[in-house]
Amino acid sequence: MKVLFIKKTAVLLIAGVLVFLSVFMLNSVGIAVAGTYFTVGRLLPIYSVQTSENKLSISFDAAWGADKTREIMSICDSYGVKATFFLVGFWIEKYPEMVVEIYNNGFEIGIHSSTHPDMTKLSKNEIRDELTTNIKLIEDLTGYTPKLFRPPYGYYNNTLIEVCNELNLSCIEWSVDSLDWKGLSASEIAGRVCSKAENGSIILCHNNSDHILDGLKMILEYFKNNEMQLVPIGELIYYDDYTINSQGTQIKN
């Protein structure tokens, strides 16, 4: 009887552990079927994409300054690359002609909020206003409705992602941070990116960082030599029938 009791106790302990792990995984994983996102507990944005193809994406957040933006596009075009630009509302209002130029040159445009706040400190209505105002500014200038959103500072919570889902926006983070905004040299920027990037990576850069132009040339040359294709984020991510793991990696079912 004693042995039987011990065996039953062991089985119950194992069952308890399995239940705990199942709940933990459900709290960390979202599922999208036919474009609808389902999850239990924590909602996650997209940090990277699981893919066997040699492709990844590079993106530029635009919040301050625009004097390097045209040259960024020129460098990208010289390598046959199209990047994604995430534009803040007040930047759009200051540089409307640049927004039109980005769009007309075939680069992808995403939104980056209207005023660049910490979105986790806003109410649901305030979040919606930040996003819809940002979208309308781009629509009025280009006729294009953005499908991607990058949270300022990378800060997010469930409410933010819920609003993104309601607005049919994919919430995009990054898996490779160039840290170009810290004043790193061109070789340091390129070294960070090239050493960390892999298939499905999303690279974060900024359109007006000190050494982004020379750093970008090095990055694109490296990817060209290694036969890695850079595509806009909208061409990298999945829109239906996928899961997101606890690291924010999108996985096709």
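- At a threshold of 4.0 Å, the pair R128-E166 counts as salt-bridged, since one of the basic side-chain nitrogens sits closer than that to a carboxylate oxygen.
- Criterion: ILVMFWY side-chain heavy atoms under 4.5 Å apart, direct or through other members. Under it, L216 and M218 are not part of a common hydrophobic cluster.
- Between the side chain of Y239 and the backbone N or O of G234, at least one donor-acceptor pair lies under 3.5 Å.
- Listed for the E108 side chain is a donor-acceptor partner under 3.5 Å among the backbone atoms of I233.
- In terms of modelled atom types and a separation under 3.5 Å, the side chain of E71 and the main chain of K68 share no donor-acceptor contact.
- T159 and E162 form no side-chain donor-acceptor contact under 3.5 Å, judged by distance and modelled atom types alone.
- With values rounded to the nearest 0.5 angstrom, W181 atom CH2 is found 15.0 Å from N208 atom CG.
- Under the 4.5 Å side-chain heavy-atom criterion for ILVMFWY residues, a single connected hydrophobic cluster contains both L213 and I219.
- A 4.5 Å side-chain heavy-atom check between L230 and L220 finds at least one atom pair inside the cut-off.
- Remark: T145 OG1 to I109 CD1 distance equals 11.0 Å, nearest 0.5 Å.
- Minimum heavy-atom separation, L169 to L148: CD2-N, 3.9 Å.
- Checking W91, Y103, Y95, F107 one by one against F85, the ring-ring contact (aromatic ring centres under 6.0 Å, His included) holds for a single residue, F107.
- Of the N and O atoms on the side chains of E173 and Y156, not one donor lies less than 3.5 Å from an acceptor on the other residue.
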Does the pair D180 and L184 meet the rule for a side-chain contact (heavy atoms from CB on, under 4.5 Å), with working shown?
CA-CA 6 Å; D180 55 349; L184 300 184; over 6 Å; no
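- By the 6.0 Å contact criterion, NZ on K196 is open, its count of non-hydrogen atoms from other residues, nucleotides or ligands being 12 or less.
- In terms of heavy-atom proximity, V193 sits nearest to S178 at CG2-CB, 3.7 Å.
- A donor-acceptor contact closer than 3.5 angstrom links the side chains of S48 and T249.
- Test T84, L87, L141 against I102 for side-chain contact (heavy atoms from CB on, under 4.5 Å) and you get one pass: L87.
- When only modelled atom types and interatomic distance are considered, N125 and S123 share no side-chain donor-acceptor pair under 3.5 Å.
- Here the closest non-hydrogen pair linking S113 and M119 is CB-SD, 4.2 Å.
- Between the side chains of T115 and E130, at least one donor N or O sits under 3.5 Å from an acceptor N or O.
- Taken from OG1 in T51 to CG in N199, the straight-line distance is 6.5 Å, to the nearest 0.5 Å.
- When all heavy atoms are compared, the tightest approach of H211 to A186 is CB-N, 3.7 Å.
- Counting heavy atoms from C-beta outward, M73 and C76 have side chains that stay 4.5 Å or more apart.
- Rounding to the nearest 0.5 angstrom, the gap separating the NZ atom in K217 from the CD1 atom in I72 is 11.5 Å.
- Residues I237 and I172 meet the side-chain proximity criterion, which asks for heavy atoms closer than 4.5 Å.
- Within the 4.5 Å cutoff, side-chain heavy atoms of L137 are placed close to those of E93.
- Ring geometry, W64 versus F90: the interplanar angle falls from 30° to 60°, so the pair is classed tilted.
- Side-chain atoms of D61 do not come within 3.5 Å of backbone N or O of H206 as any donor-acceptor pair.
- Looking at C171 and P151, their side chains come closer than 4.5 Å, going by heavy atoms from C-beta outward.
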From CA spacing to verdict: side-chain contact (heavy atoms from CB on, under 4.5 Å), N245, Q50:
CA-CA 10 Å; N245 69 14; Q50 185 183 83; over 6 Å; no
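- Contact check for M98 versus R70: side-chain heavy atoms found under the 4.5 Å cut-off.
- No donor-acceptor pair under 3.5 Å is formed between the side chain of D210 and the backbone N or O of S185.
- What you find for F86 and S59 is that their closest heavy atoms are CE1-CB, 3.9 Å.
- Proximity of a side-chain donor or acceptor of S114 to a complementary backbone N or O of T133 within less than 3.5 Å is not detected.
- Under 3.5 Å, the side chains of T69 and N207 contain a donor-acceptor pair of N or O atoms.
- Surrounding NZ of K136 are at most 12 heavy atoms belonging to other residues, nucleotides or ligands under 6.0 Å away.
- Hydrophobic clustering places V100 together with Y144 (ILVMFWY residues linked when any side-chain heavy atoms are closer than 4.5 Å, directly or through intermediates).
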side-chain contact (heavy atoms from CB on, under 4.5 Å) assessment of L160 paired with F149
CA-CA 10 Å; L160 174 60; F149 164 67; 3.7 Å; yes
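- Residues T243 and N253 meet the side-chain proximity criterion, which asks for heavy atoms closer than 4.5 Å.
- One N or O on the side chain of N158 and one on the backbone of L43 form a donor-acceptor pair closer than 3.5 Å.
- A salt bridge links D240 with K252; the closest basic N to acidic carboxylate O contact falls under 4.0 Å.
- The nearest pair of heavy atoms linking L56 to A197 is CD1-CB, 3.7 Å.
- No side-chain donor-acceptor contact under 3.5 Å links S201 to the backbone of I203.
- Between E227 and K55 there is no salt bridge, since no side-chain nitrogen of the basic residue lies less than 4.0 Å from a carboxylate oxygen of the acidic one.
- Looking only at side-chain heavy atoms (C-beta outward), V176 and I202 stay at 4.5 Å or farther from each other.
- The number of heavy atoms from other shown groups lying within 6.0 Å of OH (Y153) is above 12.
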Please report the C-alpha distance between C205 and I58 in whole Å, then the side-chain angles of each, then the deciding distance to 0.1 Å, and finally whether the side-chain contact (heavy atoms from CB on, under 4.5 Å) criterion is met.
CA-CA 7 Å; C205 298; I58 190 165; 4.0 Å; yes
Verify side-chain hydrogen bond (donor to acceptor under 3.5 Å, both in side chains) between E221 and Y79, making sure each step is shown before the conclusion.
CA-CA 8 Å; E221 186 68 23; Y79 283 88; 2.7 Å; yes
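- Using a 4.0 Å cut-off between a side-chain N of Lys or Arg and a carboxylate O of Asp or Glu, D177 and R192 do not qualify as a salt bridge.
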